Q: 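Got a structure for you, questions after.
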Amino acid sequence: MESDEVKPETWVVVAGRPEPVPGAPLNTPLIAASTYVLGSERIYSRNEATEGWEAFEAMLGGLEGGGAVAFSSGMAACAAVLGQLPTGAHLVLVDDCYKGVAEIANAGVRTHQWRLERLSATDPLWLTRASEADLLWIESPSNPLLEVADLAAICAAPRPDGTRVVVDNTFATPLLQRPLRLGADIVVHSATKLIGGHSDLLLGAAVTADPGELALLREIRSRNGATPGMLECFLALRGARTLALRLRHAESSAQQLAARLSGHAAVVRVRYPGFGTIVSFELKDAGAADRACRATRIIRHTTSLGGTETSMERRSVHPGQEHIPPGLIRLSVGCEDLDDVWGDLDAAITAT
Ligand code: PLP
């Protein structure tokens, strides 16, 4: 079956399963083997796709509308894409991006003399830079200010053959946004987040509809050994089966939490783009935000996001995040009952 024959909500359930012949297992089995008996095209598990990777990649590639290459983490996927930039390249990076991506970009400035330009997600200059830069790297909604880029306009802006548009689609997931269909060249994911969905694995992926790029990404993965674990692919595919359900519940709760936070006396500002499961809100200062993060009983005080559990963190604690207001908390909304979460959050921020 092809992904466009069914709705994405169905695809995440049916994709990446063995052929339904009598006696076949329903799920792609977890194969724990680093090497294969010689004589076929499968030789060694760093080089040739294993059944477990292929099942996960089939699911994600179909969802995004391209071929997916799974990596050992989201950062490994980002590094495989950014590492293709030659010395002297002009990289335009969203200013409010995941800090690990900014660290690779800054290292590239030092080692490859990349020319790095940072733009806010909503800056109209993206359209001009499409015809001037080598790579436009957009994370939308941005992280953690949740600014939304006009992906359709940026992807449609005229650009030379060699200029790439890359979108980090971790926050939206392909159920809410499909950048390849808008004209992006590559989509990257931290599948550690919503796709895996249970905060129990690290996994990443890059997805592209360009066969040459797909082959190159596989080659880079194999060469650098940034290969995904078999257990991680198995778990991520299992997590993805409920992605649509989790997303629907968490997004509905996020919308209501954003509205309730907006009316709370202790909250200075709420940022929510209207979709997705992440809400950022500001308390009066870093101290109030830290106290709130430590006071919750249901909501977990952790970094990361996209699990079944609601979690939150003051984001400016991390180095290199000076643009983030000190009292800003990023809330990742999970699958608990909305009123339980609100009761916990309300009590924690009122106490500050
Ligand atoms: N992209 C985004 C938007 C992220 O939030 C993260 C991690 O937090 C990454 C990429 C990196 O992913 P990983 O932690 O799986 O390496």
Side-chain angles (χ1 to χ4, degrees), residues 53 56 60 64 68-83 93-107 121 137-149 151 166-177 179 184 186-207 217 220-221 224-229 231-233 235-236 239-240 247 250 271 273 275-280 300 302-307 309 311-321 323-324 328-334:
W53 303 357
F56 172 78
L60 183 59
E64 288 285 10
V69 184
F71 285 86
S72 51
S73 68
M75 283 315 302
C78 294
V81 175
L82 280 165
L93 175 62
V94 75
D95 58 3
D96 181 41
C97 70
Y98 177 60
K99 63 188 173 61
V101 172
E103 282 161 17
I104 297 185
N106 290 332
W137 187 288
I138 309 162
E139 195 177 318
S140 181
S142 71
N143 180 7
L145 301 181
L146 303 178
E147 290 176 344
V148 176
L151 288 182
V166 179
V167 179
D168 186 329
N169 207 20
T170 300
F171 274 30
T173 84
L175 290 178
L176 300 181
Q177 171 172 285
I186 304 175
V187 162
V188 292
H189 276 285
S190 170
T192 310
K193 308 296 188 301
L194 279 143
I195 291 175
H198 293 75
S199 307
D200 55 5
L201 59 91
L202 276 175
L203 191 69
V207 194
L217 286 166
I220 293 170
R221 170 177 67 183
N224 293 349
T227 49
L231 177 62
E232 284 74 5
C233 283
L235 287 174
L247 193 63
R271 298 166 195 259
F275 66 96
T277 63
I278 311 295
V279 180
S280 291
R300 293 289 152 159
T302 62
T303 196
S304 200
L305 55 101
E309 68 292 334
S311 63
M312 67 188 205
E313 183 191 27
R314 182 166 77 79
R315 284 303 284 176
S316 58
V317 292
H318 298 288
Q321 300 288 285
H323 70 288
I324 301 173
L328 183 141
I329 292 173
R330 189 184 68 189
L331 178 74
S332 168
V333 181

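Being a predicted model, the structure only gives us computed values, none of them experimental. Residues: numbered from 1 along the sequence shown. Counting starts at 1 for both ligands and their atoms, in listed order.
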Q: Under the rule for salt bridge (charged side-chain N to carboxylate O under 4.0 Å, His left out), what residues qualify as partners of Arg271, not counting sequence neighbours?
A: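 Counting only residues at least two positions away or on another chain, Arg271 forms a salt bridge (charged side-chain N to carboxylate O under 4.0 Å, His left out) with Glu282.
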Q: Using side-chain contact (heavy atoms from CB on, under 4.5 Å), reason through Lys99 and Val101 one step at a time and then give a plain yes or no.
A: CA-CA 5 Å; Lys99 63 188 173 61; Val101 172; over 6 Å; no
Q: Show your working on side-chain contact (heavy atoms from CB on, under 4.5 Å) between Thr303 and Arg315 and close with a plain yes or no.
A: CA-CA 8 Å; Thr303 196; Arg315 284 303 284 176; 3.2 Å; yes
Q: For ligand 1, list all ligand N or O to protein N or O distances below 3.5 Å, rounded to 0.1 Å.
A:
| unit_1 | atom_1 | unit_2 | atom_2 | d |
| --- | --- | --- | --- | --- |
| ligand 1 | 1 (N) | Asp168 | OD2 | 2.7 |
| ligand 1 | 8 (O) | Lys193 | NZ | 2.8 |
| ligand 1 | 12 (O) | Ser190 | OG | 3.1 |
| ligand 1 | 15 (O) | Gly74 | N | 2.9 |
| ligand 1 | 15 (O) | Ser190 | OG | 2.8 |
| ligand 1 | 15 (O) | Thr192 | OG1 | 2.6 |
| ligand 1 | 16 (O) | Gly74 | N | 3.1 |
| ligand 1 | 16 (O) | Met75 | N | 2.9 |

Q: Have a look at Pro273 and tell me which of Leu145, Val279, Leu146, Ile278 forms a side-chain contact (heavy atoms from CB on, under 4.5 Å) with it.
A: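 In the set Leu145, Val279, Leu146, Ile278, the residue that makes a side-chain contact (heavy atoms from CB on, under 4.5 Å) with Pro273 is Leu146.
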Q: Checking side-chain polar atoms at under 3.5 Å, does Ser316 have a donor or acceptor matched by the opposite partner on Arg314?
A: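 Yes, because at least one side-chain N or O of Ser316 sits under 3.5 Å from a partner of the opposite role on Arg314.
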Q: May I have the step-by-step check of side chain to side chain donor-acceptor pair (under 3.5 Å) for Glu309 and His198, ending in yes or no?
A: CA-CA 8 Å; Glu309 68 292 334; His198 293 75; over 6 Å; no
